[in-house]
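All values reported here derive from a predicted model rather than from experimental measurement.
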Amino acid sequence: MKGKVLGSRYRVTEYLAEGGFGRTYLAEDTQLPNRDLCVVKQLSPSFNAPKLLAVARRLFETEAKTLHSLGHHPQIPELRAYFEEAGKFYLVQQYIQGQTLDAELARGQIWPANKVIELLRDCLNILQFIHAQGVIHRDIKPANLIRRHGDRQIVVVDFGTVKEILQGQTSLPQLTVAVGTQGYMPIEQARGKPRSSSDLYALGMVGIQALTGVNPLDLSEDSDGELLWSHLIHNQPQLVTILTKMTRYHYGDRYKSAQSILVALNGCADTVINLSQPTSSPRQNVSQNSNSIKANKKAAPTRHLGTSRTTEQSTGIAHQLARQPKPPDSNALPGVRPVALIQGSTRRRVKSSLTYKHYGKIALIVIVVATGVYLLVPKTSNEPNLNPSQIAPSSRS
């Protein structure tokens, strides 16, 4: 086959793969100046009955037109041509240089939660476009998800509806049997009645595989057919809830659309990032706190520590400030050093949840920054234990 020219245009350069629907070759387009590479998929029906060939030809042309309309999405290979030659059908598609997720999802390989969310978002945006065109992919699995070398984005390939033409190949009813891959295919698709939520189920299975490192066929089920896997994951309850709903046994219990899953993912992304990949170290947070103290000192007069706020109110404010990102301080000086607390002979990092005990009548907090020393002296009266975020700055020494 190597060196053969198909459709008077596409010269085969390499054999790529073989599946139940036919063979796939890498070819070059001889009619383009740069002889661009493309993928040629040869669909080889094994039947010769004229009626069956007529049905296969009609379905093939319909599918080719559908793929052509979907090819305008940057993460779906563009359909370059389709033709029939010597009783075989050919699809010519854009060549995507990259690697399928099979290699990244080797058995036992576990992804961090934020990487799983990134994969889900990337694929859901593609499925949202596909489903809006009234098309169901029917074969979402790691082997059909390519991570493109250029931009690291996911590209969806091998739409299962093309394979549906050639499944059975002995009678007309068998031309519409179920298409999909065991482990990623939901029950309604196995019965030959796929829905858009069937693609969402398959993607959810890919997400579970990435998060747990377990192949879908190795997962157990309960008496209702629901998958048992959540016990393998800790500290990610929101992501587990989303993947569980994506892979419910009955399609009516799943998300209705890709958009609804994207909305749910937006709600848990911040929590996942905070748990798995903190955006700043404790030392950086301390530096931000010192900058905030300087800004507050310039914006408001010095206030002694009193009892105008209850401990519960102050604690609530401190928690709110801890959750909110600290804006950069335009007046801050470079080279802010870590803040240290000196109490007797004990030296600790400052944390927002740390409570300071008064020894005698005066507690001394020394904050060292690049330009000097700040002394914060509370009132000498007997006052409740305070959080460092409650301490107002005094004048600079």
Side-chain angles (χ1 to χ4, degrees), residues 101 105 110-145 154 156 159-161 164 177-269 271-272 275:
L101 292 191
L105 291 174
I110 298 177
W111 288 16
N114 60 317
K115 187 176 179 181
V116 175
I117 289 180
E118 181 183 358
L119 170 66
L120 293 175
R121 281 175 168 169
D122 216 359
C123 294
L124 286 168
N125 285 321
I126 305 172
L127 291 178
Q128 186 176 21
F129 172 81
I130 293 172
H131 296 163
Q133 313 301 315
V135 177
I136 305 171
H137 186 283
R138 306 189 192 197
D139 202 14
I140 296 293
K141 59 182 180 181
N144 288 339
L145 302 175
I154 297 297
V156 176
F159 283 67
T161 42
E164 184 176 12
V177 297
V179 177
T181 301
Q182 285 188 338
Y184 304 95
M185 178 172 52
I187 184 63
E188 74 277 2
Q189 186 172 331
R191 293 171 177 167
K193 298 179 180 180
R195 303 168 181 264
S196 59
S197 64
S198 304
D199 285 345
L200 304 180
Y201 176 98
L203 179 59
M205 293 305 302
V206 175
I208 292 174
Q209 182 178 354
L211 198 61
T212 63
V214 179
N215 188 284
L217 291 175
D218 295 332
L219 295 175
S220 301
E221 299 177 355
D222 63 15
S223 57
D224 295 323
E226 303 293 352
L227 297 169
L228 301 175
W229 64 275
S230 60
H231 61 283
L232 302 174
I233 304 300
H234 305 286
N235 301 326
Q236 302 296 346
Q238 290 177 291
L239 182 56
V240 168
T241 299
I242 291 171
L243 289 172
T244 297
K245 188 172 181 179
M246 290 177 68
T247 55
R248 294 295 299 273
Y249 180 83
H250 192 273
Y251 68 87
D253 296 328
R254 300 178 206 141
Y255 289 98
K256 306 305 180 186
S257 66
Q259 176 61 30
S260 59
I261 305 177
L262 286 169
V263 172
L265 286 173
N266 289 337
C268 80
T271 302
V272 168
L275 287 173

Q.
Do Ile140 and Cys123 make a side-chain contact, defined as non-hydrogen atoms from C-beta onward lying under 4.5 Å apart?
A. no
**Q.** Nearest heavy atoms of Leu105 and Pro142, plus distance in Å
**A.** CD1-CG, 3.8 Å
Q: Could you tell me whether a side-chain N or O of Gln182 sits under 3.5 Å from a main-chain N or O of Leu217, the two making a donor and an acceptor?
A: no
Q) Quick one: does Leu232's side chain get under 4.5 Å of Ile208's, heavy atoms only? A) no
**Q.** Test item: Asp222 side-chain N/O and Leu227 main-chain N/O as donor-acceptor pair under 3.5 Å
**A.** no
Q: Taking the side chain as every heavy atom from C-beta outward, state whether Pro186 and Tyr251 have any atom pair closer than 4.5 Å.
A: no
Q: State, to 0.1 Å, how close Tyr201 and Tyr184 come at their nearest heavy-atom pair, and which atoms those are.
A: CD2-O, 3.5 Å
Q: Mind listing the closest non-hydrogen atom pair of Gln209 and Pro216 along with its distance?
A: OE1-CD, 3.5 Å
Q. Okay, side chain of Asp139, backbone of Asn144: is any donor-acceptor separation there less than 3.5 Å?
A. no
Q. Do Lys245 and Thr241 come close enough that some side-chain heavy atom pair is under 4.5 Å?
A. no
Q) Of the non-hydrogen atoms in Leu219 and Leu228, which two are nearest, and what is the gap between them? A) CD2-O, 4.3 Å
Q. Judged by atom type as modelled, is there a donor-acceptor pair below 3.5 Å linking the side chain of Arg248 to the main-chain atoms of Arg254?
A. no
Q. About how many Å separate CG of Asn114 and CG of Leu119, when rounded to the nearest 0.5 Å?
A. 11.5 Å
Q: Please step through side-chain contact (heavy atoms from CB on, under 4.5 Å) for the pair Leu120 and Leu243, ending with a clear verdict.
A: CA-CA 10 Å; Leu120 293 175; Leu243 289 172; 3.9 Å; yes
**Q.** Side chains of Leu124 and Leu200 in contact at under 4.5 Å (non-hydrogen atoms)
**A.** yes
**Q.** ring-ring contact (aromatic ring centres under 6.0 Å, His included) involving Tyr249 - partner list, sequence neighbours excluded
**A.** none
Q: Count the heavy atoms belonging to other residues, nucleotides or ligands that lie under 6.0 Å from CD of Gln259, then report whether that count exceeds 12.
A: yes
Q.
How long is the straight-line distance from CE of Met246 back to CE of Met205, given to the nearest 0.5 Å?
A. 10.5 Å
Q) Looking only at heavy atoms, what is the nearest atom pair of Pro194 and Gln189, with distance? A) CB-CG, 3.9 Å
Q. From Asp199 CG over to Ile130 CD1, what is the distance, rounded to the nearest 0.5 angstrom?
A. 7.0 Å
Q. How far does CD of Gln128 sit from OG of Ser257, to the nearest 0.5 angstrom?
A. 7.0 Å
Q. So, the side chain of Asp122 versus the backbone of Ile154: is there a donor-acceptor pair under 3.5 Å, distance only?
A. yes
Q. What is the distance from atom CG of Leu203 to atom OG of Ser198, rounded to the nearest 0.5 Å?
A. 12.5 Å
**Q.** Flag side-chain contact, heavy atom, 4.5 Å: Arg121 against Leu262
**A.** yes
Q | Student check: side-chain heavy atoms of Val116 and Gln236 closer than 4.5 Å | A | no
Q: Could you check if a side-chain atom of Thr212 sits within less than 4.5 angstrom of a side-chain atom of Ile110, using non-hydrogen atoms only?
A: no
Q: Report the distance from atom NE2 of His250 to atom CD of Glu226, rounding to the nearest 0.5 Å.
A: 10.5 Å
